[in-house]
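Remarks on the structure that follows.
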Amino acid sequence: MPQFSHQHLLGIRGLDRNDVEAIFETAEQFKEVINRPIRKVPSLRDITVANLFFENSTRTRLSFELAEKRLSADVVNFSSASSSVKKGETLADTVRNILAMKVDMVVMRHPHPGAAHYLAEKIDVPIINAGDGTHEHPTQALLDCFTLRERLGTLEGKKVCIFGDIRHSRVALSNVRCLQLLGAEVMVCGPVPLIPRHFGSLGVKVEHHMDAALEWCDVANVLRIQLERQGSEVPFFPSLEEYHAQFGLTSERLERLSSAPLILHPGPMNRGVEIASELADRGDSIILEQVENGVAVRMAVLYLLAGRLGGSED
Ligand code: CP
């Protein structure tokens with residue numbers, strides 16, 4: 001069994017290359033399992049996992065639930081919209097009450113950056129961060145890199161550009177860290193107000209012209225504009241039409257290139273804004289491969305963390 005020495009998966013920060021390799025090696029085995037006629041293994045039998053979603057999700061929530069069920073775990077789902085959080089209960093109290101029902105692992109999405117780290121200090125069971133505000137989304141980065149490695153063989157020396165709303169994205173930071181661990185060169189590209197200055201200190205290239213970034217990269221990871229997080233009274237760009245004109249990935253843009261990049265998108269996609277609809281469905285887009293691999297990668301993370309239940313601290 002590959003070695004994985006962490007109690008939690010709170011972010012890509014804190015992992016090293018061996019940790020990522022252990023997750024990928026395990027995910028490869030589970031990918032084979034989920035393509036068999038009987039897609040279930042007993043690895044997490046008698047383990048109860050709580051999926052705590054304090055923020056909306058389609059892919060991550062379903063993907064974790066499927067991963068848990070394919071591993072034969074018992075699963076309970078919590079959504080803040082229909083919970084006593086609405087009556088003023090704190091995060092720590094909500095989770096302590098759920099754990100009192102003998103839950104062994106927690107998968108949590110929360111709108112506040114650092115929420116998973118906060119919880120890890122309060123409770124004793126493994127926690128998987130399924131996205132904390134604008135901070136990290138480690139399993140998304142792992143599944144993105146796993147998918148790229150399947151397609152490209154290696155990420156060593158590959159040029160990956162992350163396009164879009166970097167400022168409000170948790171996928172961007174986790175991807176930068178994971179790609180760098182695996183030896184890729186990383187660029188971020190978007191409007192000046194949507195790229196925080198500190199990204200320059202992460203060892204990534206920063207570009208504000210989409211055509212130049214597309215010419216540079218082997219892989220284009222296109223992120224959506226997160227209007228729900230852009231609370232500012234001063235808009236970050238004039239209009240969605242203007243954004244599409246400057247930063248939308250279109251067939252016309254790709255046709256001008258000597259070679260087209262592979263296209264990724266973590267979803268949810270805003271067709272006609274950051275990506276032209278027809279591109280999302282083209283053969284050089286690997287968006288649905290990302291979703292398929294998400295289940296295998298999450299099975300691997302659950303399995304490796306469950307292997308440490310009752311083990312030593314992080
Ligand atoms: N990629 C992703 O996190 O999608 P959801 O918000 O639907 O989970």
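The analysis underlying the following values was restricted to heavy atoms, covering all of them including side chains, and did not include hydrogens, waters or symmetry mates. Whatever order the structure lists ligands and atoms in, that order sets their numbers, starting from 1.
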Check ligand 1 for close polar pairs with the protein: N or O on both sides, less than 3.5 Å.
| unit_1 | atom_1 | unit_2 | atom_2 | d |
| --- | --- | --- | --- | --- |
| ligand 1 | 1 (N) | Gln140 | OE1 | 3.0 |
| ligand 1 | 1 (N) | Pro266 | O | 2.8 |
| ligand 1 | 1 (N) | Gly267 | O | 3.4 |
| ligand 1 | 3 (O) | Thr60 | OG1 | 2.9 |
| ligand 1 | 3 (O) | Arg109 | NH2 | 2.9 |
| ligand 1 | 3 (O) | His137 | NE2 | 2.9 |
| ligand 1 | 4 (O) | Arg59 | NE | 3.1 |
| ligand 1 | 6 (O) | Arg109 | NH1 | 2.9 |
| ligand 1 | 7 (O) | Thr58 | N | 2.8 |
| ligand 1 | 7 (O) | Arg59 | N | 3.0 |
| ligand 1 | 7 (O) | Arg59 | NE | 3.2 |
| ligand 1 | 7 (O) | Arg59 | NH2 | 2.9 |
| ligand 1 | 8 (O) | Ser57 | OG | 2.6 |
| ligand 1 | 8 (O) | Thr60 | N | 3.0 |
| ligand 1 | 8 (O) | Thr60 | OG1 | 2.6 |
| ligand 1 | 8 (O) | Arg109 | NH1 | 3.3 |
| ligand 1 | 8 (O) | Arg109 | NH2 | 3.3 |

**OP:** If you link ILVMFWY side chains whenever their heavy atoms are less than 4.5 Å apart, which other residues fall into the same cluster as Met187? By chain and number, please.
**Re:** Trp216
Original post:
Can a salt bridge be assigned to the pair Glu21 and Arg17 using a cut-off of 4.0 Å between side-chain N and carboxylate O?
Top reply: yes
Throw together a table of side-chain donor-acceptor distances under 3.5 angstrom for residues 286-300, partners on residues two or more places apart or in other chains.
| unit_1 | atom_1 | unit_2 | atom_2 | d |
| --- | --- | --- | --- | --- |
| Glu289 | OE1 | Arg151 | NE | 3.2 |
| Glu289 | OE2 | Arg151 | NE | 3.4 |
| Glu289 | OE2 | Arg151 | NH2 | 2.7 |
| Gln290 | OE1 | His265 | N | 3.0 |
| Gln290 | NE2 | Asp144 | OD1 | 2.7 |
| Asn293 | OD1 | Lys31 | NZ | 2.8 |
| Asn293 | ND2 | Thr147 | OG1 | 3.0 |
| Asn293 | ND2 | Glu150 | OE1 | 3.2 |
| Asn293 | ND2 | Glu289 | O | 3.3 |
| Arg298 | NE | Thr139 | OG1 | 3.1 |
| Arg298 | NH1 | Ser63 | OG | 2.8 |
| Arg298 | NH2 | Thr139 | OG1 | 3.1 |

**OP:** Please state whether the rings of His168 and Phe236 are parallel, tilted or perpendicular, taking 30° and 60° as the class boundaries.
**Re:**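 If you compare the ring of His168 with that of Phe236, the planes turn out perpendicular.
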Subject >> Donor-acceptor side-chain pairing of Glu215 and Ser258 below 3.5 angstrom >> reply: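 A pair is found: one side chain offers a donor N or O, the other an acceptor, under 3.5 Å apart.
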**OP:** Quick one: list whatever passes side chain to side chain donor-acceptor pair (under 3.5 Å) with Asp281, sequence neighbours left out.
**Re:** Arg271
